[in-house]
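Everything on this sheet refers to the single structure shown next.
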Amino acid sequence: FDGLYYSYQGNCTYVLVEEIEKTVDNFGVYIDNYHCDARDVVSCPRALIVRHETQEVRIVTVKPNTLEVEVTVNKQAVALPYQKFGLRIYESGINRVVEIPELKMNVTFNGLSFSIRMPYSLFGNNTQGQC
C-alpha cells in the first residue's frame with residue numbers, strides 16, 4: 001500500500017491485509033507460500049485466500065509455477081463468473097479477480113503474482129499485513 005515492492009519468501013501463510021479495528025466481518029487477504037526449489041530459497045504461491053463475511057475464496061495453483069489455477073468458495077469448486085453474497089469472481093485475461101463491490105475493493109491473482117486495490121476512504125490508516 002506504500003508503493004514499495006516486497007518479497008514473500010517464507011514457507012508459510014502471510015497476512016496481506018487485515019483491518020486493525022474490525023469494521024467488516026471476517027475480512028482478510030492472505031497468500032499461502034511454499035518453498036518451490038530444492039534449496040528452500042525461493043517461495044512460490046500455493047494459494048491466495050480472500051475472506052469476507054461468510055465466504056472464503058481460494059485461488060489455488062494447480063501446477064507449481066504456472067498460471068493454471070482453480071477457484072473455490074467455501075471449499076467448493078466454482079465456475080466463473082461467480083457472484084453471491086456481495087462477492088464477484090471473474091476472469092480478466094490471465095488473472096482471476098475477486099471483487100467486493102460494497103467495499104470498492106478487488107484482489108487480482110494469476111497463480112504467480114497478485115495485486116490488491118482498496119479505497120483509502122474505507123481503509124485508510126486501518127490496515128495491517130505482511131506478518
Side-chain angles (χ1 to χ4, degrees):
F1 297 105
D2 53 13
L4 297 176
Y5 175 81
Y6 290 91
S7 179
Y8 301 93
Q9 296 302 321
N11 186 27
C12 59
T13 300
Y14 288 96
V15 175
L16 298 176
V17 177
E18 286 182 340
E19 290 183 297
I20 298 167
E21 297 292 325
K22 309 296 184 200
T23 64
V24 180
D25 186 39
N26 190 33
F27 173 73
V29 182
Y30 312 87
I31 190 83
D32 181 30
N33 285 352
Y34 69 99
H35 286 304
C36 54
D37 76 339
R39 296 167 289 134
D40 290 345
V41 178
V42 177
S43 290
C44 298
R46 180 181 358 250
L48 184 107
I49 303 151
V50 179
R51 291 187 185 137
H52 178 248
E53 296 179 350
T54 62
Q55 299 183 94
E56 179 180 277
V57 177
R58 287 182 169 262
I59 306 173
V60 180
T61 51
V62 176
K63 293 179 186 170
N65 294 319
T66 68
L67 302 178
E68 189 177 344
V69 299
E70 176 184 77
V71 179
T72 63
V73 177
N74 295 339
K75 300 182 181 175
Q76 299 294 316
V78 296
L80 302 184
Y82 170 92
Q83 185 167 341
K84 199 169 188 179
F85 303 122
L87 192 80
R88 290 182 56 217
I89 310 167
Y90 57 91
E91 294 181 50
S92 177
I94 63 171
N95 296 307
R96 303 309 181 275
V97 180
V98 179
E99 192 174 77
I100 305 172
E102 171 191 357
L103 302 178
K104 300 178 182 85
M105 67 142 329
N106 70 52
V107 179
T108 302
F109 183 58
N110 63 22
L112 296 174
S113 63
F114 63 87
S115 71
I116 303 168
R117 296 187 185 279
M118 304 170 70
Y120 185 84
S121 60
L122 295 175
F123 294 96
N125 298 316
N126 193 33
T127 57
Q128 60 186 359
Q130 301 145 5
C131 302

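In what follows, residues are counted from 1 in the order of the sequence shown. Computed from a predicted model, the values in this text were never measured in an experiment.
- Val73 and Phe27 fall within the same hydrophobic cluster, defined by Ile, Leu, Val, Met, Phe, Trp and Tyr side-chain heavy atoms under 4.5 Å apart, directly or through other members.
- In the hydrophobic clustering (ILVMFWY side chains linked at under 4.5 Å, chained through shared members), Ile94 is joined by Leu67, Leu112.
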Before giving the answer on side chain to side chain contact (heavy atoms under 4.5 Å, CB included), spell out for Asn125 and Tyr120 the whole-Å C-alpha distance, their side-chain angles and the decisive distance to 0.1 Å. CA-CA 8 Å; Asn125 298 316; Tyr120 185 84; 2.9 Å; yes
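- Val98 and Val60 are not part of a single hydrophobic cluster, where members link through side-chain heavy atoms under 4.5 Å apart.
- Shown here are the salt bridge (charged side-chain N to carboxylate O under 4.0 Å, His left out) partners of Lys63, two or more places apart in sequence or in another chain: Glu68.
- Remark: Ser92 engages no residue in a side-chain hydrogen bond (donor to acceptor under 3.5 Å, both in side chains) (not counting sequence neighbours).
- Closest of all the heavy-atom pairs between Met105 and Ile116 is CE-CG2, 4.2 Å.
- Applying the side-chain hydrogen bond (donor to acceptor under 3.5 Å, both in side chains) test to pairs two or more places apart or on separate chains, those with a residue in residues 48-58 are Arg51-Glu56, Gln55-Tyr82, Glu56-Arg58.
- The CZ atom of Phe123 sits 15.0 Å away from atom CZ of Arg117, with the distance rounded to the nearest 0.5 Å.
- Listed by chain and number, the residues in a side-chain contact (heavy atoms from CB on, under 4.5 Å) with Asp32 are Thr13, Arg46, Ala47, Ile49 (sequence neighbours excluded).
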Could you walk me through whether Val78 and Leu80 pass the side chain to side chain contact (heavy atoms under 4.5 Å, CB included) test, one step at a time? CA-CA 6 Å; Val78 296; Leu80 302 184; 4.3 Å; yes
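- Atoms CG and CG, from Asn33 and Asn11 in turn, are 8.0 Å apart once rounded to the nearest 0.5 Å.
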Would you be so kind as to tabulate the donor-acceptor pairs closer than 3.5 Å made by side chains of residues 83-91, with sequence neighbours excluded?
residue : atom : partner : partner atom : Å
Arg88   : NH1  : Glu99   : OE1          : 2.4
Tyr90   : OH   : Glu99   : OE2          : 3.3

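- Cluster membership for Tyr14 and Tyr34, using ILVMFWY side-chain heavy atoms within less than 4.5 angstrom, is not shared.
- The nearest pair of heavy atoms linking Leu122 to Leu103 is CD1-O, 3.4 Å.
- One distance of note links CG of Leu16 with CZ of Phe114; it measures 4.5 Å at 0.5 Å rounding.
- Val97 and Ile100 are assigned to two separate hydrophobic clusters, defined by single-linkage of ILVMFWY side chains at heavy-atom distances under 4.5 Å.
- Separating the CG atom in Asn110 from the CG atom in Asn95 is a distance of 5.0 Å, to the nearest 0.5 Å.
- Minimum heavy-atom separation, Gly111 to Pro45: O-CG, 3.2 Å.
- For residues 15-31, the set of pairs meeting the side-chain hydrogen bond (donor to acceptor under 3.5 Å, both in side chains) definition, not counting sequence neighbours, comprises Glu18-Tyr30, Glu19-Thr23.
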